[in-house]
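Only a predicted model underlies this, so the values are computations on that prediction, with no experimental measurement involved. Values below: all heavy atoms of this structure, side chains included; hydrogens, waters and symmetry mates excluded.
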Amino acid sequence: MISGFNHSGFVVQDLERMVAFYRDTLGLVVEREIDSVAPPEGDHTGIPGAHRALVFMGHGGKPGNTGGHSLELIQYLNPPSPDGHLQRHQLGAAHVCFNVEDITAFHGRLSAHGVRFVTPPKFRPGPDGATHGICYAQDPEGNWLEFIQ
């Protein structure tokens, strides 16, 4: 039986650039870094001899962090990853969703940093009577991100 969430992951091409984005633009912190080399017979990834650099990023124990969910950034050093991303409506496409406090201000701040949004925040009333905002964006390598207020 599943007891909770652990982490989500994105395969990236430029690990340093992506760590900088998630740390400096979104405010996550580096939790741990791993240099992983699979044995010749393979490991849990099913890619024999794969060499990967892994960086786990999280909320850093800030108030409101529920569940300790992390984002794993994975760079395949060998074999290198092929180019290409799925559109957000294609089978197999993925995204990570972050909670934010003021989505209008957050959208403005990220837009000023060059973050590409699908639309400005869209607002609707929630079952609790409060107004909730939501929007989609992409990180510098095209991975899909969702933000909800």
Side-chain angles (χ1 to χ4, degrees), residues 1-36 43-47 50-77 79-149:
M1 174 172 263
I2 293 176
S3 62
F5 285 93
N6 188 284
H7 70 274
S8 302
F10 284 140
V11 173
V12 301
Q13 289 184 333
D14 186 337
L15 187 60
E16 286 183 30
R17 178 181 182 209
M18 298 304 283
V19 167
F21 171 78
Y22 284 95
R23 182 192 60 225
D24 302 339
T25 305
L26 295 189
L28 298 181
V29 297
V30 173
E31 295 176 335
R32 67 186 189 280
E33 300 178 51
I34 300 169
D35 183 50
S36 174
D43 63 6
H44 67 281
T45 64
I47 303 173
H51 183 195
R52 300 171 298 149
L54 314 170
V55 176
F56 288 83
M57 305 199 69
H59 201 257
K62 296 177 185 174
N65 182 17
T66 57
H69 193 92
S70 300
L71 177 63
E72 177 187 21
L73 301 176
I74 310 144
Q75 182 178 13
Y76 276 86
L77 304 169
S81 300
D83 289 334
H85 276 281
L86 297 173
Q87 293 297 314
R88 64 189 171 282
H89 67 285
Q90 288 180 275
L91 296 177
H95 73 276
V96 172
C97 182
F98 296 96
N99 294 324
V100 299
E101 291 181 13
D102 180 345
I103 199 162
T104 301
F106 187 82
H107 176 270
R109 185 175 67 79
L110 266 60
S111 293
H113 280 91
V115 173
R116 300 171 304 225
F117 283 86
V118 175
T119 66
K122 302 290 183 182
F123 294 92
R124 59 178 158 58
D128 58 359
T131 299
H132 298 274
I134 187 170
C135 59
Y136 261 82
Q138 289 181 284
D139 71 16
E141 289 192 1
N143 296 300
W144 293 103
L145 308 175
E146 182 178 12
F147 302 101
I148 293 178
Q149 173 185 300

A.B. asks: Got a second to check how far Phe10's CZ is from Met18's CE, nearest 0.5 Å?
C.D. replies: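 CE of Met18 is found 8.0 Å from CZ of Phe10.
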A.B. asks: How about Glu101: does its CD atom have over 12 heavy atoms from other parts shown lying under 6.0 Å from it?
C.D. replies: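 Counting neighbours around CD of Glu101, 12 or fewer heavy atoms of other residues, nucleotides or ligands fall under 6.0 Å, so no.
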A.B. asks: Is there side-chain contact between Val29 and His59, with heavy atoms separated by less than 4.5 Å?
C.D. replies: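 Sidechains of His59 and Val29: no contact.
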A.B. asks: So which atom in Arg124 and which in Ile134 form the shortest heavy-atom distance, rounded to 0.1 Å?
C.D. replies: NH2-CD1, 4.4 Å
A.B. asks: Evaluate the criterion side-chain contact (heavy atoms from CB on, under 4.5 Å) for residue pair Leu28 and Phe21; output intermediate values, then yes/no.
C.D. replies: CA-CA 9 Å; Leu28 298 181; Phe21 171 78; over 6 Å; no
A.B. asks: When rounded to the nearest 0.5 angstrom, what is the spacing between OG in Ser70 and CZ in Phe5?
C.D. replies: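 That separation rounds to 13.5 Å.
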A.B. asks: Could you tell me whether a side-chain N or O of Arg52 sits under 3.5 Å from a main-chain N or O of Asp35, the two making a donor and an acceptor?
C.D. replies: no
A.B. asks: Would you compute the distance between atom CZ of Phe56 and atom CG of Asn6 and round it to the nearest 0.5 angstrom?
C.D. replies: 7.5 Å
A.B. asks: Find the distance between CZ (Arg116) and CG (Leu110) and round it off to the nearest 0.5 Å.
C.D. replies: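 So the CZ of Arg116 and the CG of Leu110 are separated by 12.0 Å.
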A.B. asks: Supply the atom-to-atom distance Arg23 CZ to Leu73 CG, rounded to the nearest 0.5 angstrom.
C.D. replies: 11.0 Å
A.B. asks: Begin with the C-alpha distance, continue with both residues' side-chain angles, and end with the deciding distance and a verdict on side-chain contact (heavy atoms from CB on, under 4.5 Å) for Cys135 and Ile103.
C.D. replies: CA-CA 8 Å; Cys135 59; Ile103 199 162; 3.8 Å; yes
A.B. asks: Decide yes or no on side-chain contact (heavy atoms from CB on, under 4.5 Å) for Val96 and Leu71, but give the supporting numbers first.
C.D. replies: CA-CA 8 Å; Val96 172; Leu71 177 63; 3.8 Å; yes
A.B. asks: Is there a side-chain contact between Val12 and Tyr22 in this structure, where contact means two heavy atoms from C-beta onward sitting under 4.5 Å apart?
C.D. replies: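 Heavy-atom side-chain distance check fails, nothing below 4.5 Å.
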A.B. asks: Quick one: does His132's side chain have a donor or acceptor within less than 3.5 Å of a partner on Gln149's backbone?
C.D. replies: yes
A.B. asks: Side chain to side chain contact (heavy atoms under 4.5 Å, CB included) with Val30: which residues, sequence neighbours excluded?
C.D. replies: Val19, Glu33, Val55, Met57
A.B. asks: Are a donor atom and an acceptor atom from the side chains of His69 and Ser8 found within less than 3.5 Å of each other?
C.D. replies: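 Result is yes, a qualifying pair exists.
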A.B. asks: CD/Gln13 to OH/Tyr76 distance, rounded to the nearest 0.5 angstrom?
C.D. replies: 14.0 Å
A.B. asks: Do the rings of Phe98 and Phe147 sit parallel, tilted or perpendicular, given the 30° and 60° boundaries?
C.D. replies: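 Correct class here is parallel.
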A.B. asks: Distance-only, no hydrogens or angles: does the Gln75 side chain make a donor-acceptor pair with backbone N or O of Val11 under 3.5 Å?
C.D. replies: no
A.B. asks: Could you go through the side-chain contact (heavy atoms from CB on, under 4.5 Å) check for Gln138 and Val115 one step at a time?
C.D. replies: CA-CA 7 Å; Gln138 289 181 284; Val115 173; over 6 Å; no
A.B. asks: Return the minimal non-hydrogen interatomic distance between Trp144 and Ala94, and the atom names on each side.
C.D. replies: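 Of all heavy-atom pairs spanning Trp144 and Ala94, the closest is CB-O, 3.6 Å.
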